[in-house]
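Atoms within each ligand, like the ligands themselves, are counted from 1 in listed order. Model, not experiment: these values are computed from the prediction.
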Amino acid sequence: MEWMIAVSFGEIFLKGKNRHVFYKAAINNIKRNLRGIDYQGMYSESSKLYIQADRKDFEKIKDNVLKVFGISYVAYVIKTNKNIEDIYAACKEDLSEYFSDKNYTFKVESKRTDKSFKYKSPELSAKIGGFILRDFPNLSVDVHNPNFRVFIDVKDNVYIYSKRFKGLGGLPIGSSGHGLLLLSGGIDSPVAGFMVAKRGMKLDCIHFHSYPFTSKRALQKAVDLAEIMSSYTGKMKIYSVNLADIYKAINQNCDRRETTILSRRFMMRIANKIAETNSYQALITGESLGQVASQTIESVSVINDSSEIPILRPLIAMDKKDIIDISHKMGSYEKSIEPYDDCCSIFAPDNPVTKPKLKYIKMSEEKLDIEALETDAINNMEIIEIAWQSDNSKVIYMSRPLS
Ligand code: ATP
Ligand code: MG
């Protein structure tokens, strides 16, 4: 009898021919999240991954594995031999906490991958269920809504478990290309990043600040948010771009009411240039229709015009409350609500245009030396990298500090 951790994959197994690519990506992500944690080894046996480790490390391993996308659940299992006595002994060991004087209900669910095993699944469930009822008078069967389920997987080995922890679902990072997230310091953009990452997209971030009009803390906040995301997505780059001169140029030359839309188009064009040199396939934003003045359908379409590559907006049809729920779940909410000086709010006009027309926005842009402003911003960009050391502690490299 040996305790171990089993990992069950979700949608990956619907992916037919590409299954091994997804599986490999998931295993790599699991190994990455287990860096610095002691475990003896891992192997797969008919579609599940088994991790061998000391029980004292189970919780830590489970918590780290559960941050990997593409997993439907993690379970604490007992591996045992393929005979009815050993199977029942393992069940008793696994269920010891339920064998009290409380009146629990249970159900046994067996799955026989090894068809040569002499009991068919329903027979095995009935037999083990019978033993449990015989030995523990406080337990009774409820097949519809039991207090706990005993799972028996009969493969080359037999695995018994009753404790399952739900995973995040989705697809493993690296299976859906590479995107660049426009990361501000708010609630929405980290959630947008989390959602596309959950569908398997590898992510890096671009953050726009307006130092010295905004504080260094504003940039630090974006880095902190990226670090929270990186525990799901792996190592991450943050391109930090100063928009101060661009805001100044807009303020001096254009109608102030167009500041937000004009700056958004600058952000998109700069992000496109970085995407082109670094092979990002899409931009991701946290825009949600109607949430604020700059997120009308008219603004969305004028913003789209400034990007060559697709802009993914996973939150477009979501209510704020549902976005906040995800933000709590991924662990970014508390950081997101810390106060910070957003460049957009410092330069934001009191009465922004909410229904911009592309024709007029382009006329305003003619008053600006767009090419020079953008080249300058990109040349002065800093790159911050979040990576891991071999003991699983994170390090943050900054190419050049703000000065
Ligand atoms: P968030 O909660 O992500 O800040 P928001 O609801 O405040 O979003 P806006 O400020 O209108 O909405 O920004 C919409 C989107 O534009 C953001 O979700 C983000 O993707 C992008 N964005 C806005 N400001 C910045 C910035 N300073 N740096 C990078 N991206 C930004
Ligand atoms: Mg914002």
Testing the 3.5 Å rule here: is there a donor-acceptor pair between the side chains of [X] and [Y]?
| X | Y | result |
| --- | --- | --- |
| D204 | Y280 | yes |
| T105 | S140 | no |
| Q52 | Y43 | no |

Determine, stepwise, if the pair R265 / N304 fulfils side-chain hydrogen bond (donor to acceptor under 3.5 Å, both in side chains). CA-CA 8 Å; R265 282 167 59 89; N304 270 7; over 6 Å; no
Heavy-atom pairs closer than 4.0 Å: do any link ligand 1 to the side chain of H209, the backbone, both, or neither?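 Neither; nothing of H209 gets under 4.0 Å from ligand 1.
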Where on L183 is there a heavy atom closer than 4.0 Å to ligand 1, on the side chain, on the backbone, on both, or on neither?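 Backbone only.
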Any N or O on [X] sitting closer than 3.5 Å to an N or O of ligand 1?
| X | answer |
| --- | --- |
| I206 | no |
| I187 | yes |
| M267 | no |
| S189 | yes |
| I284 | no |

Any idea which atoms of ligand 1 are less than 4.0 Å away from a heavy-atom of G286?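 Near G286, meaning under 4.0 Å from one of its heavy atoms, ligand 1 has 17 (C), 18 (O), 20 (O).
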Under a 4.0 angstrom heavy-atom cut-off, which atoms of ligand 1 come close to G186? 1 (P), 2 (O), 4 (O)
Is a side-chain donor or acceptor of S307 paired with a backbone partner of M268 at a separation under 3.5 angstrom? no
Should one rank R264, H207, E287 by closest heavy-atom distance to atom 13 (O) of ligand 1, which comes out on top?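 Closest candidate by heavy-atom distance is R264.
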Where the closest heavy atom to atom 5 (P) of ligand 1 is concerned, which of I270, V241, D188, T285 has it?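 The option holding the nearest heavy atom is D188.
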For A90, check side chain to side chain contact (heavy atoms under 4.5 Å, CB included) against everything at least two apart and list the hits.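 Side chain to side chain contact (heavy atoms under 4.5 Å, CB included) list for A90, sorted by chain: M1, I78, T80, I160.
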Test: D224 and K335 ion pair at under 4.0 Å: yes
Taking only Lys NZ, Arg NE, NH1 and NH2, and the carboxylate oxygens of Asp or Glu, determine whether E371 and R269 approach each other closer than 4.0 Å.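 Salt bridge: no.
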